[in-house]
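Structure first, then comments.
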Amino acid sequence: MTTERDPVSPTPLPNVVPVAPSEDLASQPINHEPSVVRAFLNTRGSGRLADNAFATVMLICACSIFVIVLFIFSILITHSKLSIAAFGLKFFSRQAWDPVSGDFGALPFIYGTLATSFLALLIAVPLALGVAVFLTELCPKQLRAPISFLTELLAAIPSVVYGLWAVFVLVPIMRDVIGPFLHKTLGWTGFFEGANFGVGLLTASIILAIMILPIISSLTRDIMTAVPNSQREGVLALGATRWEMIRIGVLRNSRIGIVGAVLLGLGRALGETMAVTMVIGNHPEISKSLFAPGYTLASVIANEFSEATGDLYLSALIEIGLALFLVTIVVNAAARLMVWAVTRGAPARVA
Amino acid sequence: MKLKVIAAGVLALVAAGATAQNINGAGATFPYPIYSKWFSEYSKLHPEVKINYQSIGSGGGIRQVSEGTVDFGATDGPMSDDQLKAAKVKVMHIPTVLGAVVPVYNIPGVNKELNFSSDVIADIYLGKITTWNDPRIAKDNPGVNLPANSILPVYRSDGSGTTYIFTDFLSKVSSDWQTKVGKATSVKWPSGIGQKGNEGVAGMVRQSPNSFGYVELIYATQNKMSYGSVKNAAGKFVKATTEGVTAAAAAASKTMPADYRVSITNAPGATSYPISSFTWLLIPTHSTDPAKARALAGFVDWMLTNGEAEAAPLTYAPLPKPVQDMVRKSIATIK
């Protein structure tokens, strides 16, 4: 069976280190000296003031998050006033982006951001779950450390390095190998139509998937490791196969944590700028084909902010930032709601 | 005795500190290499003047000088009338050097340098010419075996002076371009894909077969990329050189307006390279600190006399003689 979780030799419980040395207690059974903790609590007087002060400090820490979010939100609103006044709510549903005539709309960018992020999740989540399940449940001990180390190393690589790798390695592969293959086999779906130059929504999604894979997999692994062994043993004792044990005992118990990991990955995908800019093609257009170039909210800000002349143009770019802010909030809220709706009061049953 | 010496020393230091001028500027990235060279050399010759320049982009340069937060700005595209009117200080354009933009391409099997008519370049980006063997490209390049592959136009996704110069040229040579797209540091490109920076465009063109793009001349020569000749207003195909760019400026200088806000793309003259432009310093005409204004004027004077000679090795074209003389007169008016 599993090499590391052999039910015959369960891992020993961690030693509970007593505060007072145990050998002293054994040799002097009648000891009226108070314990170290008791002695400390006796000397420090009333704890009410300290408790209240501590609670206040923690409250301030928690509130700082609200203050920062509100501050960013209000700055985004005030600086995009011009554009809000010119286009109103339609800004978020218009397709124009013409700095020359001062005609702006965010829809192609919102589409590009959402399309690449969700496509990246579609690719990365199954892979990341596979990596995590393998590492916690199936991996031979000698392999576990190197694989964990490499996944965490992937998470530490700066995004511009991913972008460079994508431009020089991924783009030619997409153009000459994967693109033509997808066109031939799945071209009938309409998602792989048109000219394929190697850059575009699909390439951006793949590089995003590679970037969020280590975050999701290492968090998921940590969560699965935290599932108590008694759960696994219990399921196995009922006669489950190993896959059933993983499904019922492990995945079922860690699903909320896994959703949290996926959300963190999604957050990175939504806001990723450099690597995406380098391979997405930066053309604000909505097209069904994944070979077509697109544009994301973060990319257009990074690209055009420094040279934006004209107040309306600048204001529209800041409103793009507001759009990104709102998209992030809406997507996160929707995901949380979904999780809440699915897991509310649900008993532990077969997943 | 000792105390007196120290006191004198401190006094001297304070005096030196008072006369040392710290001049802050910000703006265009395109002329940054030559500017940083000039500023460091000028500081060596004149230790009392220290010029700090931040290459934050033309848009930022215009904004900061208009707000009065820097002592001078720099831009690749001249300020519009509205921008000049909105600025808190009166701003003067001072041309410094000239740059050129060249068309680059990557067509497998074609090693010959290609010729491009100006309207052909516009129609490639407009999506009207979609394949390399289009009869209009073939007409300019007799004897070249052009493939029937579709063209991938590549443009700058980031706002840039390069894009401004390029679209300014296209607006002049194609009425279709003028009405549909126009000129700006970023425009609504009808077709193609965008890449960030000269290096992004060059990298994409280099590794994508059948692609077509535009980069600054300095970038093409430093990276030994082959680039095409462009048909100028006189109907001649000209390959970009610093001489060709200065020739374009000289041809345009006859009609140079007093505020120097002039576009020299598609300039007349048989040797003029058509996709070129001045780059400008933006200097407030009435500074709050006259000493700073004098120091800045002193720098511009040095730049005209000594600095221009250093432009060519960095592939910037120096100002033609008549323009230099004009600028010398203009800086005398800075107060």
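Bear in mind the structure is a predicted one, so any value in this text is a computation, not a measurement. First the proteins, then the strands, lettered A, B, ... as listed; each starts at 1.
Only the side chain of Tyr155(B) comes within contact range of chain A, judged by heavy atoms closer than 4.5 Å. With a threshold of 4.5 angstrom between heavy atoms, Val167(A) approaches chain B through its backbone and through its side chain. Contact annotation for Val154(B): neither backbone nor side-chain heavy atoms come within less than 4.5 Å of a heavy atom of chain A. Ile280(A) does not touch chain B: none of its heavy atoms, backbone or side chain, sits under 4.5 Å away.
One finds the OH atom of Tyr313(A) at 3.0 Å from the OG atom of Ser186(B) (value rounded to the nearest 0.5 Å). We find the CG-CD distance between Asn282(A) and Gln195(B) to be 6.5 Å, quoted to the nearest 0.5 Å. Distance NE2/His283(A) to OG/Ser191(B): 6.5 Å, rounded to 0.5 Å. Between the CH2 atom in Trp97(A) and the NZ atom in Lys188(B) there is a gap of 12.0 Å [rounded to 0.5 Å].
Heavy-atom proximity under 4.5 angstrom to chain A picks out nothing from residues 88-102 of chain B. Near-neighbour residues of residues 52-82 of chain B relative to chain A, defined by a heavy atom under 4.5 Å from a heavy atom of that chain, comprise Ile56(B), Gly57(B), Ser58(B), Gly59(B), Gly60(B), Ile62(B), Arg63(B).
More than 12 heavy-atom neighbours from other residues, nucleotides or ligands sit within 6.0 angstrom of CG on Asp98(A). Surrounding CG of Leu153(A) are more than 12 heavy atoms belonging to other residues, nucleotides or ligands, all under 6.0 Å away. Counting non-hydrogen atoms of neighbouring residues, nucleotides and ligands closer than 6.0 angstrom, the CZ atom of Phe91(A) exceeds 12 such neighbours.
Contact of the Gln207(B) side chain with the Arg175(A) side chain is registered, since non-hydrogen atoms from C-beta on lie closer than 4.5 Å. In this structure, the side chains of Lys183(B) and Val100(A) stay at 4.5 Å or more apart for every pair of heavy atoms. Residues Glu304(A) and Asp158(B) form no side-chain contact, since every pair of their non-hydrogen atoms from C-beta on lies 4.5 Å or further apart.
Residue with the most contacts toward chain A among Thr29(B), Val181(B), Val187(B), Leu152(B): Leu152(B) (heavy-atom pairs, distance under 4.5 Å).
For the residue pair Pro293(A) and Gly192(B), the shortest heavy atom distance occurs at CG-O, 4.2 Å.
With no hydrogens or angles considered, no side-chain donor-acceptor pair links Tyr295(A) and Ser157(B) at under 3.5 Å.
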